[in-house]
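Structure first, commentary second.
Computed from a predicted structure; not experimentally measured.
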Amino acid sequence: NGQHRQNLYDLIISRVHDHPTFALHISLIERWQDELISSFKKAGISLSRVLAQMRAKGSQLQTEAAIRFWLWGQVMCPRDAKDLLRIADILDMPFVKQYYRQIDRAANRLRVIHRNLARRLNTWLEQEAFSSNPQSFNEMVDEELDLEFNDFREALMILTVASIIEDEGLFLISDLGQLKVIN
């Protein structure tokens, strides 16, 4: 309520990221991304030059697009922890140089949690959404953080479509939803 329109998974992920147990993970990722952007601007070198230097240091990156996605925040961080260290050396990023292992662990942890949560959400939506027993589906999302699916279930409301209005015209695909009949 009061938030901009987003899909269900993005809503759940935003709630996950707001959970106190994720504060350190999220802050490490945000700090690396902030330092990357400011260091890249300060260095004033092209993406092609950064890529060439990364490859010279042993990176397996093939295109500038990967680095661009890091800069745009589309990717939490490189899959290869050594790429974090390589780019930190190239762009003189002291925080990332010191904490690249922790940043990598935080990103990997968040990736695993995102995948686990997505799987459980899909299962819940397909099998248990309309169960009369609220405890019927409370699997562990992450044992280390002691997060259960019910920690996020309260953020959801199950609604029933009472009526449908058909409109004609042009609509953005992103504005359209898909409804699934549940028997």
- Message: Using side-chain heavy atoms (C-beta onward) and a distance below 4.5 Å, is Ile90 in contact with Lys57?
- Response: yes

- Task: Check side chain to side chain donor-acceptor pair (under 3.5 Å) between Arg111 and all other residues, then give those that pass, not counting sequence neighbours.
- Result: Asn108

- Message: Using the rule given for side-chain contact (heavy atoms from CB on, under 4.5 Å), can you reason through Asp34 versus Phe95, listing the C-alpha separation, both sets of side-chain angles and the distance that settles it, and then say yes or no?
- Response: CA-CA 10 Å; Asp34 291 344; Phe95 178 81; over 6 Å; no

- Item | side-chain contact (heavy atoms from CB on, under 4.5 Å) assessment of Leu91 paired with Val96 | CA-CA 10 Å; Leu91 297 177; Val96 175; over 6 Å; no

- Message: Using modelled atom types and a 3.5 Å cut-off, is there a donor and acceptor pairing between side-chain atoms of Arg55 and backbone atoms of Leu61?
- Response: yes

- Query: Heavy atoms, side chains only, cut-off 4.5 Å: are Phe40 and Leu47 in contact?
  - Reply: yes

- Nearest-0.5 Å distance, OG of residue Ser59 to NZ of residue Lys82: 11.5 Å

- Are the side chain of Gln102 and the backbone N or O of Leu28 linked by a donor-acceptor pair below 3.5 Å? no

- Atom CG in Asp83, atom CE in Met54: separation rounded to 0.5 Å? 4.0 Å

- Residues Asp92 and Lys97 bridged, charged N to O under 4.0 Å: yes

- Mark yes when over 12 heavy atoms from residues, nucleotides or ligands other than Tyr99 sit less than 6.0 Å from its OH; otherwise mark no. no

- Please round to the nearest 0.5 Å and tell me the distance separating atom CD1 of Ile37 and atom NZ of Lys42. 14.5 Å

- Task: Specify the closest pair of heavy atoms between Ile29 and Ala107, including all atoms of both residues, with the distance to one decimal.
- Result: CD1-CB, 3.6 Å

- Message: Looking at Arg86 and Asp80, is any side-chain nitrogen of the basic one under 4.0 Å from a carboxylate oxygen of the acidic one?
- Response: yes

- Begin from the C-alpha positions of Arg49 and Gln53 and carry the test side-chain contact (heavy atoms from CB on, under 4.5 Å) through to its verdict. CA-CA 6 Å; Arg49 186 161 172 217; Gln53 289 181 20; 3.3 Å; yes

- Message: Looking at Glu35 and Gln33, would you say the former's side chain and the latter's main chain have a donor-acceptor pair under 3.5 Å?
- Response: no

- Is there side-chain contact between Trp32 and Ile87, with heavy atoms separated by less than 4.5 Å? yes

- Item | Spacing of CZ belonging to Arg79 relative to CD belonging to Gln60, to within rounding of 0.5 Å | 15.5 Å

- Task: Take Arg101 and Leu84 through the side-chain contact (heavy atoms from CB on, under 4.5 Å) test and state the conclusion after the steps.
- Result: CA-CA 9 Å; Arg101 286 185 187 98; Leu84 278 168; over 6 Å; no

- Exam field: side chain Ser39 to backbone Leu36, donor-acceptor pair closer than 3.5 Å: no

- CD1 (Ile103) and CD (Gln98) are apart, to the nearest 0.5 Å, by 10.0 Å

- Return the minimal non-hydrogen interatomic distance between Pro78 and Trp70, and the atom names on each side. CG-CZ2, 3.3 Å

